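Inspection log for the structure reproduced underneath, given as structure tokens.
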2 protein chains.
Amino acid sequence: MRNVSALHLLVRKLEKHVALDGEDSRAILDLPHTVHAYKAFDYIIREGEQPGACPVLISGFAFRQKLAEDGGRQIVSIQIPGDALDLQQLFLDYADHSVQALTEASIALVPRPALRELAMRRPRIAHAFAVNNQIDASITREWLLNIGRRDARTRIAHLLCEVAVRLERQDLVTEYGYELPMSQEQIGDATGLTSVHVNRMLRDLERDGLITRHSRTIRFPDWTVLKRVADFNPLYLHVGQQSAVPIPA
Amino acid sequence: MRNVSALHLLVRKLEKHVALDGEDSRAILDLPHTVHAYKAFDYIIREGEQPGACPVLISGFAFRQKLAEDGGRQIVSIQIPGDALDLQQLFLDYADHSVQALTEASIALVPRPALRELAMRRPRIAHAFAVNNQIDASITREWLLNIGRRDARTRIAHLLCEVAVRLERQDLVTEYGYELPMSQEQIGDATGLTSVHVNRMLRDLERDGLITRHSRTIRFPDWTVLKRVADFNPLYLHVGQQSAVPIPA
DNA sequence: CGCCTATTTGATAGCCGTCAACCGGAGTGG
DNA sequence: CCACTCCGGTTGACGGCTATCAAATAGGCG
């Protein structure tokens, strides 16, 4: 029996949006790669550097961040198992942001040239990559709306909802509850707030019965109400999208 | 002599990052398209709809926006002549944000299927599209940092710098000055501020000699200082990038 | 058990929003 | 030509949301 490639999570994710035939998915699974263990806070990609390989998150969490001159930190996305961490800049010369491990993480490194060449040779795979990137771009735009136009409480609730839906989609969540391995300071960095205010808002949400917390495990007693409070409309995640016949022959 | 295609601006923009051979650029120029005139505030793409065509901005300005439930408006990008307005969601089923004309604008509409088919048939063009989208994504991430972690004055200065550099790159700017056809309310919607506060900050910047204004024409007496005040580092625009030999054969 | 980090809490300050009024230029109609 | 209107820009007073500062508590790990 075939060895199970570390990349099967990625294939599974891509296939949710674009139908890949057996050859396509095998071509991805057969990509050369090495698997590495990262500890929390390890850099995976450093801003300014030219990544030699595209990391794919096998297990654990990671985040993308940018820094302001005054030291302010902005987390621009949360990445969960199955996410490719460099597809968004696969064709750019240097990284315009850093990627760090949020927890201990297992990561497959795929050489960039192999990935680029695959995209050039197999249009359907290029198409799958494009859909993946376009959904990521949509998420970033929603974050912009979140930070630019929603108050602190709503912002945080929105983040919790997004992560929940994305984890659920990867079958990583049980019964409306999951562990969000972020400190309150990191939640602040993701929402443009301070850790102190994040704390107050989380307690608010808990007091109002919208969430429960045990250490960093979060549960949603009433998803419907939380969604409304969070101004959360999952359309921007394009979860329903599945192009069975993506391209005219 | 060949008719000059309305799409030559797009080709010129793509070629700044990826070397296209004559066949590639001709294939783009020969894409079927119709040119339309839009008035300020006309919708070009509506959130939730499935665009039938990809609009390419020939002249004039446009912006992308999303709305919060409470009516809050967030502008998530400014588009200038030469920009393709749907490449970012070419493979998605429905638009996750709206695009509106900021000024009177002339726009070429290219049928989506033709564009998709071109991307599938010509890997180098798909590559050019990918680079274009990845730069747009980088800009969106910088906006996230801008709104999440910089104060009002810095934010606005940063926006002014970005538009200046992007216009300059398209040869649409003269001597460190240009017309920014946005009301102060729109600048606020782009920076997560109110029009009142935008006004105060613009006056501040002017009082400090960092900008001059005559109606909506903005000039920068001291670009070096302004860049510092704006915490503006143009790396995220990837302006220097030019892959002469993008892909191993 | 002790250290270290994360969380929690309170007091105070400040940036920016809100509300409201006034100004000013461009277009319109008399 | 001038009055009128309208929208956008300008200004001031005030309030509130969130940051800042500081300290206490709790939790994880040796």
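Predicted, not measured: the structure shown is a model, and the values here were computed from it. Just so you know, these numbers use all the heavy atoms, side chains as well, and skip hydrogens, waters and symmetry mates. In the text below, chain A, chain B and the rest are named by the order of the sequence lines, each starting its count at 1.
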Subject >> Under-4.0 Å salt bridge between A:Asp136 and A:Arg141 >> reply: no
Original post:
If you check the B:Val196 side chain, which of D:dG12, C:dC16, C:dT8 turns out closest?
Top reply: D:dG12
**OP:** Could you tell me whether B:Gly192 contacts a base, only the sugar-phosphate backbone, or nothing, with contacts defined as non-hydrogen atoms closer than 4.0 Å?
**Re:** sugar-phosphate
**OP:** Using a strict 4.0 Å threshold on nitrogen-to-oxygen distance, state whether A:Arg12 and A:Asp171 make a salt bridge.
**Re:** yes
Subject >> Closest listed nucleotide, where the reference is the side chain of B:Gln184 and the choices are D:dG8, D:dT10, C:dT18 >> reply: D:dT10
Original post:
Would you call A:Arg153-A:Asp208 a salt bridge at under 4.0 Å N-O?
Top reply: yes
Original post:
Minimum heavy-atom separation for A:Asp83 to A:Gln79, with atom names?
Top reply: OD2-NE2, 2.8 Å
Subject >> Whole angstrom value for the distance that separates P of C:dT9 from CG of A:Asp204 >> reply: 11 Å
Subject >> Between C1' of C:dA6 and CZ of A:Arg216, the distance in whole Å >> reply: 7 Å
**OP:** May I ask you to evaluate whether A:Asn199 reaches the phosphate of C:dT8, defined as a side-chain N or O under 4.0 Å from OP1 or OP2?
**Re:** yes
**OP:** Just call it for A:Arg213: base, sugar-phosphate, or nothing, with non-hydrogen atoms closer than 4.0 Å on any strand.
**Re:** sugar-phosphate
Subject >> Separation of atom CG in B:Leu193 from atom P in C:dC15, rounded to whole Å >> reply: 14 Å
Subject >> Length of the line joining A:Glu206:CD and C:dT7:P, which is rounded to integer Å >> reply: 13 Å
Original post:
For B:Arg200 and D:dG12, is the shortest distance between a side-chain N/O and OP1 or OP2 below 4.0 Å?
Top reply: no
Original post:
Just how far, in rounded Å, is C1' of C:dG17 from CG of B:Asp151?
Top reply: 16 Å
Original post:
A:Arg153 CZ to D:dT18 P: how many Å, rounded?
Top reply: 11 Å
Subject >> Salt bridge flag under 4.0 Å for residues A:Arg150 and A:Glu142 >> reply: yes
**OP:** May I ask you to evaluate whether B:Arg203 reaches the phosphate of D:dG9, defined as a side-chain N or O under 4.0 Å from OP1 or OP2?
**Re:** no
Original post:
OP1 or OP2 of D:dT18 less than 4.0 angstrom from a side-chain nitrogen or oxygen of A:Arg150, does that happen here?
Top reply: no
**OP:** Could you check whether B:Thr194 gets within reach of a base, just the sugar-phosphate, or nothing at all, counting any heavy atom under 4.0 Å?
**Re:** base
**OP:** Calculate the interatomic distance between A:Ile187 atom CD1 and D:dA19 atom P; express it in whole Å.
**Re:** 14 Å
Subject >> Whole angstrom value for the distance that separates P of C:dA13 from NE2 of A:His197 >> reply: 18 Å
